[in-house]
Amino acid sequence: MAEEFPSGLLAAIEHFSNKEVCVATVAAAKWLKGPECPRCEGKRLSYITTRQTWTCLECRKQFSVKVGTIFEDSPIPLNKWLCAMWMIGNCKNGVSSYEIARDLQVTQKTAWFMLHRLRYALHHGTINKMSGTVEADETFIGGKARNMHAGRRAKMIHGRGPMGKEIVFGLLDRETGKVHTCHVSKRRKGNLHEVIREVVEPGSELNTDALKSYDGLAEYTHKVVDHAEAYVDGTVHTNRMENYWSLLKRTIKGTYVSIEPFHLFRYLDEQSFRYNERKDDDQGRFLKVLRAIVGKRLTWDVLTAQEAG
């Protein structure tokens, strides 16, 4: 299937301008053994070309290729979805909802919802545990207090991290070059140790800075570099994780500008995906996003529930 795919954004726009090509592309990713009814799993189907839908000849249910994917119940045509998917998977510093809205001729609100659904598809949940040498580090995400309105600044004093900044914790496997990041509420032992034990194999070498919260990880070979004295001690450092933080902050500050704390984890998933798949080409990253859309659904009510609260 990969050989039939375009290799650049312009080619992708032209390729997905055909509705039948879009349906065939999503169907191939969704049903590896051919279309089947979502109700009875029947294979005896009749395809209605004018509506791009199937009718099950067993239970008479009608359904489209969007059912059971992040596209379900979306009135946005697949050609716009697939182009947005290409952009979020391949734009190094991300793509804003305003840019998607202009390029795809949808409202900014619609573009914002589309991007969050795609970020949901990029979330893989559990990953293979890291081993070998692993770097661990944390950073703070948020605007500078001096640039905030006085009322907002007063509220942020009681928030998380220095002056209300959000805390992001990250782990990087030097062998694979892949990262795992998450939004944590505090930098205390309980918060960081839980993530480390979930992601890193016991017996691995763990490189950290001198933060006391890393003490007590007896099941790992824990090596510390004190940044008050040096940033590198032989092979002990967290420089690659620090480099990743610079990429993340460039994306947030340059493209998204402002991110609400309750959506931060979705942006972390997006950036981690592009970084972890950086050695692949545009076509390969697109296909990986496409294969991740199945069995996932994010409604507007679920997306905005935390915000409303």
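In what follows, residues are counted from 1 in the order of the sequence shown.
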Within 45° of the axis and under 6.0 Å from the centre of the six-membered ring of [Y], does NZ or CZ of [X] qualify?
{"X": "R119", "Y": "Y267", "answer": "yes"}
{"X": "R117", "Y": "F113", "answer": "yes"}
{"X": "K109", "Y": "W300", "answer": "yes"}

Does [X] use its side chain to pair, donor to acceptor, with the backbone of [Y] at less than 3.5 Å?
{"X": "Y256", "Y": "V95", "value": "yes"}
{"X": "K296", "Y": "A121", "value": "yes"}
{"X": "R187", "Y": "S213", "value": "no"}

**Item:** E99: side chain to side chain donor-acceptor pair (under 3.5 Å) partners, not counting sequence neighbours
**Value:** none
**Item:** Residues that L57 engages under side-chain contact (heavy atoms from CB on, under 4.5 Å), provided they are two or more places apart
**Value:** R44, S46, R60
**Asked** With sequence neighbours excluded, what pairs up with V21 under the side-chain contact (heavy atoms from CB on, under 4.5 Å) test?
**Response** H15, F16, N18, T25
**Item:** Beyond-backbone contact of V168 with L264, side-chain heavy atoms, under 4.5 angstrom
**Value:** yes
**Prompt:** Any side-chain heavy atom of Y120 within less than 4.5 Å of one from L303?
**Reply:** no
Would you tabulate the side-chain donor-acceptor contacts of residues 238-246 under 3.5 Å, counting partners in other chains and residues two or more places apart, or write 'none'?
residue : atom : partner : partner atom : Å
R240    : NH1  : R174    : O            : 3.3
N243    : ND2  : N239    : O            : 3.4
Y244    : OH   : S272    : N            : 3.3
Y244    : OH   : S272    : OG           : 3.2
W245    : NE1  : D137    : OD2          : 3.1
S246    : OG   : N243    : O            : 2.5

**Request:** Sequence neighbours left out, what pairs pass salt bridge (charged side-chain N to carboxylate O under 4.0 Å, His left out) with at least one residue falling in residues 64-92?
**Result:** D73-R297
**Request:** Can you tell me which residue pairs pass the salt bridge (charged side-chain N to carboxylate O under 4.0 Å, His left out) test with a partner in residues 205-228, sequence neighbours excluded?
**Result:** R197-E219, E205-K223
**Request:** Please report the closest heavy-atom contact between L78 and C22, naming both atoms and the distance.
**Result:** CB-CB, 3.7 Å
Aromatic ring pairing [X]/[Y], orientation class (parallel under 30°, perpendicular over 60°, tilted between):
{"X": "F286", "Y": "W86", "answer": "tilted"}
{"X": "F71", "Y": "W81", "answer": "tilted"}
{"X": "H263", "Y": "H116", "answer": "tilted"}

**Item:** Chi angles and distances behind the side-chain hydrogen bond (donor to acceptor under 3.5 Å, both in side chains) call for T139, K249
**Value:** CA-CA 10 Å; T139 192; K249 292 180 180 181; 2.7 Å; yes
**Asked** If you round to the nearest 0.5 Å, how far is CD of E270 from CG of L248?
**Response** 10.0 Å
